[in-house]
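One structure below.
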Amino acid sequence: MTEPLCKGMIAPMSKYPFHEIETKWQRYWEENQSFAVTEDESVPQEKRMYVLDMFPYPSGAGLHVGHPEGYTATDIYCRYLRMNGYNVLHPMGFDSFGLPAENYAIKTGTHPKVTTEKNIENFRKQIKSLGFSYDWNREVSTHSSDYYRWTQWIFLQLFRKGLAYESHTPINWCDNCKTGLANEEVKDGKCERCGTVVVRKNIRQWVLKITEYADKLLSDLDTLEWPESVKAMQQNWIGRSEGASVVFTVDGLDAELEVYTTRPDTLFGATYMVVAPEHPLVAQLTTKEQESAVNAYLDASARKSDLERTDLAKDKTGVFSGSYAINPVNQKKIPIWIADYVLISYGTGAIMAVPAHDTRDWEFAKKFDLPIIEVLKSEINVQEAAWTEDGIHVNSSFLDGLNKEDAIKAMLAWLEDKKVGTKAINYKLRDWIFSRQRYWGEPIPLVHCPKCGTVEVPEDQLPLLLPEVTSYEPSGTGESPLAKIDEWVNTTCPVCGGKAKRETNTMPQWAGSCWYYLRYLDPKNSEAFVSKEKEQYWMPVDLYVGGAEHAVLHLLYARFWHKVLFDLGLVSTAEPFKRLVNQGMITSFAFQRKDKSLVPTDMVEETEPDVFVEKATGEVLERVVAKMSKSLKNVINPDEIISEYGADSMRMYEMFMGPLEVSKPWATTGLNGIYRFLDRVWRLYEERVITDEAPSKELNKLLHKTIKKVTYDTSSLNFNTAISQMMVMVNELYKTEEFPKAVAEALVKMLGPYVPHLAEELWQQMGNTESLTKISWPTYEEKFTVDEEVELVFQINGKVRAKETVAKGMDKAAALEMAKQNEKIIGWLEGKTIVKEIVVPDKLVNIVVR
RNA sequence: GCCGAAAUGGUGAAAUUGGUAGACACAAGGGACUUAAAAUCCCUUGACCGUAAGGUCGUGCGGGUUCAAGUCCCGCUUUCGGCACCA
């Protein structure tokens with residue numbers, strides 16, 4: 001074995017004809033519409049299930065192995081539910097607006113629609129080749145005008161509600177993608193998509209008031225069965241904080257400076273103020289003497305990118321404005337500084353600085369030699385470091401002697417009494433920058449009229465179609481390619497009929513995915529985005545499975561839209577996705593040099609078992625786990641796997657690798673093991689005699705235990721352990737030449753959701769004429785699963801010293817007596833005093849000796 | 001720095017409520033079949049000591065609770081994911 005990974009892998013050698021079987025049954029399901037679902041009113045509410053996968057962006061690269069992981073999990077679950085009498089909605093579609101197709105269009109001139117639809121066709125074919133039980137009649141694509149008509153319609157509802165507004169404040173701009181970005185799309189100061197450093201740019205933007213829903217988005221998280229990590233991420237993103245708004249007067253000026261602080265208790269320690277460079281009062285606060293210094297500073301900070309301003313190497317910078325504020329609690333005059341460590345976008349864009357008890361203020365005070373006054377008794381010297389823990393207040397007049405919590409309350413009361421401050425709540429969440437200066441997205445259905453202002457495109461004129469353009473190239477000046485099409489831009493005002501111009505920005509890719517789960521319910525409705533009846537029949541989504549990368553972006557945006565629709569009475573649930581499961585990433589093995597750099601897989605040789613060597617240098621490498629990437633040449637292509645091992649092997653292997661939620665490395669040898677298992681199953685039914693006899697007592701027990709475990713594990717999505725239990729049973733069946741039909745049938749039924757093609761085939765070969773998809777899940781009886789004999793463990797001081805097989809239900813005294821008569825135990829007891837005896841019935845006896 | 005998740009054999013991993021650690025699978029070794037190989041079937045396989053019986057150690061590290069800890073508590077280390085001057 002010289003190839004460490006899967007290239008040139010040993011193709012399975014056997015008779016199991018997966019290719020014919022899989023083609024045959026996929027055709028059967030399609031021709032028989034096996035998975036088409038309707039809103040059958042006779043099915044009670046609790047037997048209706050909506051199981052949803054996050055729909056894919058149809059990229060040119062096609063499906064990767066991560067997609068089938070979640071899809072297989074939901075497919076198994078859906079097939080299991082159907083066999084248990086549930087009416088299951090399980091749809092699939094495509095998130096088909098987006099930049100890659102547009103960038104390809106710029107390069108090649110091919111219309112994004114052409115590329116996208118070709119990719120969708122490929123994706124659909126690939127997804128179908130895995131035998132998933134989707135109701136394909138409900139497929140939606142976000143780029144089709146039938147679909148985005150309603151995306152535009154929902155936007156108009158938001159607009160009407162005052163939740164969409166135009167903003168001129170600086171936004172995140174990616175100069176490579178030539179478009180504005182939402183805060184959520186900026187990671188480490190860089191564009192999430194392409195890694196370009198984001199700059200601030202002043203362009204007109206459409207913004208959605210997601211902050212209006214901050215409170216609901218936060219509090220309703222409690223009602224969701226979601227991973228705690230995702231809830232935590234959303235909580236952090238929303239970033240609610242409680243504090244106070246305090247008003248400072250400015251000495252000698254008719255101006256007030258309002259600040260937000262979470263620590264009003266430290267007001268006596270405020271030794272200076274800071275306003276952000278963009279603060280509206282900056283000009284007024286700046287005195288003649290300071291003017292040139294301030295202007296220079298404003299210039300410099302305006303030139304900085306967000307990354308430079310917020311980067312970890314946060315060397316504090318700032319400039320004195322020349323003005324002073326009056327601290328309302330003690331009338332002290334404190335200097336007002338301008339510094340870019342204060343952000344204009346949070347709170348009021350101005351702070352009171354308490355260097356003794358805030359690390360950032362402390363750093364700034366040290367750098368500019370500003371006074372540091374201790375107001376909480378600190379365990380360290382506040383001249384040397386900031387003390388940010390709790391303490392007893394000092395130097396604080398009426399707060400002296402109080403701890404942090406009590407002092408905050410006391411100060412809030414004082415501020416409100418004196419009318420110089422109030423309790424205030426702030427959120428880190430910003431409004432959602434919703435317009436993109438690109439072509440391949442939903443046109444925003446608004447018209448700018450010089451007389452009437454911004455007006456809606458009337459609903460009956462939707463969809464507002466995306467016009468054809470000659471060039472897809474964004475202007476880069478902050479206008480989309482649509483701005484260049486005069487005959488499209490120039491229109492008449494729907495209100496006054498006068499000359500007007502269309503909005504030329506388009507919506508971000510997230511728009512379409514904000515509501516696709518609703519369109520699946522009623523995909524062909526031309527009267528409404530979804531009918532009330534169908535919405536009430538299915539919603540909310542009972543199980544939503546997808547990648548953790550959408551923890552804040554898609555899942556926050558979709559919740560926001562859903563809540564707006566809920567408030568408008570258009571949907572009946574406050575939350576769209578009741579239960580969420582993130583599937584883990586499928587990683588791959590990679591090889592690492594001593595300097596931690598990675599070596600592409602094809603440059604590595606396995607010279608002996610588990611010894612990996614770089615071909616070029618002979619350096620011994622460590623095998624590590626890494627993301628699949630083209631450059632490491634460790635990407636697994638699902639098409640190849642399916643053609644060499646079959647869809648059933650692919651499905652079952654991905655479920656057998658480990659728990660659904662954790663990330664795990666792909667190993668083709670492991671896939672081969674699953675293939676072998678399926679081949680063994682095939683041969684079991686081909687070669688062994690299936691009898692009409694009743695199963696033996698032992699076999700019957702194993703059967704019922706297996707059904708119990710597989711049932712329990714399948715319903716709780718623990719597919720890996722369900723599979724291993726089926727393996728145990730198959731291994732057992734292999735020990736005999738024949739086995740009973742009852743066992744044969746139950747096993748095929750359990751295999752059904754996991755390896756549906758193979759199971760259907762075996763089911764048919766056993767003489768059944770009805771598809772396995774219509775058959776009920778096997779049941780077990782608890783009484784057949786209990787062991788009559790148990791192994792009793794005898795321990796001395798908690799260590800196992802002997803074991804004995806006994807009849808179940810032996811009473812404590814008898815068990816203890818038995819232990820004491822055990823030869824080995826006698827030996828261990830010799831010369832010792834028994835201190836304590838513990839008996840756990842049917843489990844163990846533990847004798848404590850001294 | 002803050003928040004979250006995790007750490008178990010050579011590898012992927014099991015272990016309902018604290019009660020036999022390592023199910024199932026991969027890899028490895030041995031055997032059967034074969035002219036041979038592949039495929040298949042059977043056996044062994046946590047480490048160490050021992051001819052064996054058996055013993056000692058063992059779930060990232062250090063403590064603790066308990067008759068008994070992978071599981072509970074305290075303190076740390078490392079890895080992964082997220083956030084990061086949010087006052």
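Since this is a predicted model, take the numbers as computed values, not measurements.
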Report all interatomic pairs (protein N or O, nucleotide N or O of nucleotides 18-22 of chain B) with separations under 3.5 Å.
{"from": "B:U20", "atom 1": "O2", "to": "A:Lys803", "atom 2": "NZ", "distance (Å)": "2.9"}
{"from": "B:U20", "atom 1": "N3", "to": "A:Glu791", "atom 2": "OE1", "distance (Å)": "2.9"}
{"from": "B:U20", "atom 1": "O4", "to": "A:Glu791", "atom 2": "OE1", "distance (Å)": "3.2"}

- Item | Selection from B:A27, B:A25, B:A13 that lies nearest to any side-chain heavy atom of A:Met727 | B:A25
- Within this structure, what is the CG-to-P distance between A:Asp265 and B:A87, rounded to whole angstrom? 14 Å
- Item | Touch class at under 4.0 angstrom, heavy-atom based, for A:Tyr427 against every strand present | nothing
- Message: So A:Arg850, base contact, sugar-phosphate only, or nothing? Heavy-atom distance under 4.0 Å.
- Response: nothing
- Message: Taking the P atom in each of B:G10 and B:G75, what is the distance between them to the nearest angstrom?
- Response: 31 Å
- Message: Ignoring hydrogens, what is the shortest heavy-atom contact between A:Pro68 and A:Glu654? Give both atom names and the distance.
- Response: C-OE1, 3.6 Å
- Message: Atom OH of residue position A:Tyr712 - does it have more than 12 heavy atoms of other residues, nucleotides or ligands inside 6.0 Å?
- Response: no
- Message: Below 30° counts as parallel, above 60° as perpendicular, anything between as tilted: where do the rings of A:Trp337 and A:Phe364 land?
- Response: perpendicular
- Query: Rounded to the nearest Å, what distance is computed from the NZ atom of residue A:Lys664 to the C1' atom of nucleotide B:C80?
  - Reply: 14 Å
- Message: With rounding to the closest Å, how many angstrom separate the C1' atoms on B:G46 and B:A28?
- Response: 14 Å
- Message: Taking any heavy-atom pair under 4.0 Å as a contact, classify A:Ser241: base, sugar-phosphate, or nothing.
- Response: sugar-phosphate
- From B:A13, B:C83, B:A25, nucleotide with atom closest to A:Lys428 side chain: B:C83
- Message: Using whole Å, what does the distance between atom P of nucleotide B:C67 and atom CD1 of A:Ile796 come to?
- Response: 16 Å
- Message: My understanding is that only one of A:Lys803, A:Arg801, A:Glu804 makes a side-chain hydrogen bond (donor to acceptor under 3.5 Å, both in side chains) with A:Asn822; could you say which?
- Response: A:Glu804
- Query: Atom CG of A:Asn183 to atom C1' of B:G82: distance rounded to whole Å?
  - Reply: 16 Å
- Message: Say we look at B:A69 and B:C73: how far apart would their P atoms be, to the nearest angstrom?
- Response: 15 Å
- Task: Using a 4.0 Å heavy-atom cut-off across all strands, classify A:Lys708 as base, sugar-phosphate, or nothing.
- Result: nothing
- Query: Would you say B:C41 has OP1 or OP2 under 4.0 Å from some side-chain N or O of A:Lys735?
  - Reply: no
- Decide whether a cation-pi geometry holds between A:Arg688 and A:Tyr734; the criteria are a distance under 6.0 Å from NZ or CZ to the six-membered ring centre and an angle within 45° of the ring axis. yes
- With the threshold set at 4.0 Å, does a side-chain nitrogen-carboxylate oxygen contact exist between A:Lys808 and A:Glu791? no
- Task: Answer yes or no: does a side-chain N or O of A:Arg680 lie under 4.0 Å from OP1 or OP2 of B:A25?
- Result: no
- Message: Nearest to the A:Lys627 side chain among B:G55, B:A13, B:G81, which nucleotide is it?
- Response: B:G81
- Query: For the pair made of CZ in A:Phe677 and C1' in B:C41, what is the distance, rounded to whole Å?
  - Reply: 17 Å
- For A:Arg676 and B:A39, is the shortest distance between a side-chain N/O and OP1 or OP2 below 4.0 Å? no
- Task: Starting at the 5' end of RNA chain B, write a dot or bracket for each base, bracketing those in Watson-Crick or G-U wobble pairs whose two distances are under 3.5 Å and using | for partners on another strand.
- Result: (((((((..(((......[....))).(((((.......))))).((((....))))..(((((..]....))))))))))))....
- Message: Base, sugar-phosphate or nothing for A:Asn720? Non-hydrogen atoms, less than 4.0 Å.
- Response: sugar-phosphate
- Query: Taking the same atom, C1', in B:U16 and in B:G70, what whole-Å distance lies between them?
  - Reply: 15 Å
- Message: So that I know where these two stand, are A:Tyr653 and A:Tyr645 an aromatic pair - ring centroids less than 6.0 Å apart?
- Response: no
- Can you tell me how far C1' in B:G29 sits from the matching atom in B:U45, rounded to whole Å? 8 Å
- Message: Students often get this wrong, so: under 4.0 angstrom with heavy atoms, is A:Ser724 touching a base, only sugar-phosphate, or nothing?
- Response: base
- Using the P atoms only, state how far B:G12 lies from B:C80, rounded to an integer number of Å. 16 Å
- When syn is taken as a glycosidic angle within 90 degrees of 0, is B:G55 syn or anti? anti
- Compare the minimum distances between each of B:C57, B:G82, B:A87 and the side chain of A:Met233, then state the nucleotide with the smallest one. B:G82
- Donor-acceptor contact below 3.5 Å, side chain A:Asn846 vs main chain A:Gly798: yes
- Derivation of the side-chain hydrogen bond (donor to acceptor under 3.5 Å, both in side chains) call for A:Thr601 and A:Asn634: CA-CA 6 Å; A:Thr601 303; A:Asn634 60 2; 4.8 Å; no
- Item | Any donor-acceptor N/O pair, A:Ser588 side chain to A:Lys627 backbone, under 3.5 Å | no
- For RNA chain B, what residues of residues 345-356 of chain A have any heavy atom nearer than 4.0 Å? A:Tyr346, A:Ile351
- Would you kindly give the CZ-to-P distance between A:Arg263 and B:A87, to the nearest whole Å? 12 Å
- Of A:Trp828 and A:Tyr712, whose closest RNA chain B nucleotide lies nearer the 5' terminus? A:Tyr712
- Would you indicate what A:Asn731 reaches in the nucleic acid, counting non-hydrogen atoms under 4.0 angstrom: base, sugar-phosphate, or nothing? sugar-phosphate
- Message: Check this for me: does any side-chain nitrogen of one of A:Glu782 and A:Lys708 sit under 4.0 Å from a carboxylate oxygen of the other?
- Response: yes
- A:Ala232 has its side chain closest, among B:C26, B:C3, B:C85, to B:C3
- Message: Using the P atom as the point on both nucleotides, what is the distance between B:C67 and B:G82, in whole Å?
- Response: 45 Å
- Message: From CG of A:Leu671 over to P of B:G12, roughly how many Å is that when rounded to an integer?
- Response: 17 Å
- Going by the side chain to side chain contact (heavy atoms under 4.5 Å, CB included) test, name the single residue among A:Thr317, A:Leu281, A:Val275 that passes it with A:Ile338. A:Val275
- Item | Interatomic distance at P, B:U71 relative to B:G58, whole Å | 13 Å
- Message: Please check this pair: side chain of A:Gln583 against backbone of A:Leu660, looking for a donor-acceptor N/O pair closer than 3.5 Å.
- Response: no
- Query: Between A:Gly239 and A:Gln725, who's closer to the 5' end of RNA chain B by nearest nucleotide?
  - Reply: A:Gln725
- Just to confirm, is there a sub-4.0 Å distance from OP1 or OP2 of B:A23 to any side-chain nitrogen or oxygen of A:Thr721? no
- Query: Would the A:Tyr685 and A:Phe739 ring centres measure less than 6.0 Å apart?
  - Reply: yes
- Check whether any side-chain N or O of A:Lys187 sits under 4.0 Å from OP1 or OP2 of B:C83, and answer yes or no. yes
- Determine the contact category for A:Val342: base if any of its heavy atoms lies under 4.0 Å from a base atom, sugar-phosphate if only primed atoms, P, OP1 or OP2 are that close, otherwise nothing. base
- Query: Is the backbone of A:Val839 close enough, under 3.5 Å, to the side chain of A:Lys843 for a donor and an acceptor to pair up by distance?
  - Reply: no
- Query: Between B:G82 atom P and A:Leu556 atom CG, what is the distance in whole Å?
  - Reply: 17 Å
- Answer yes or no: does a side-chain N or O of A:Asn672 lie under 4.0 Å from OP1 or OP2 of B:A25? no
- Message: I need the minimum non-hydrogen distance between A:Tyr346 and A:Ser241, along with the two atoms involved.
- Response: OH-OG, 3.2 Å
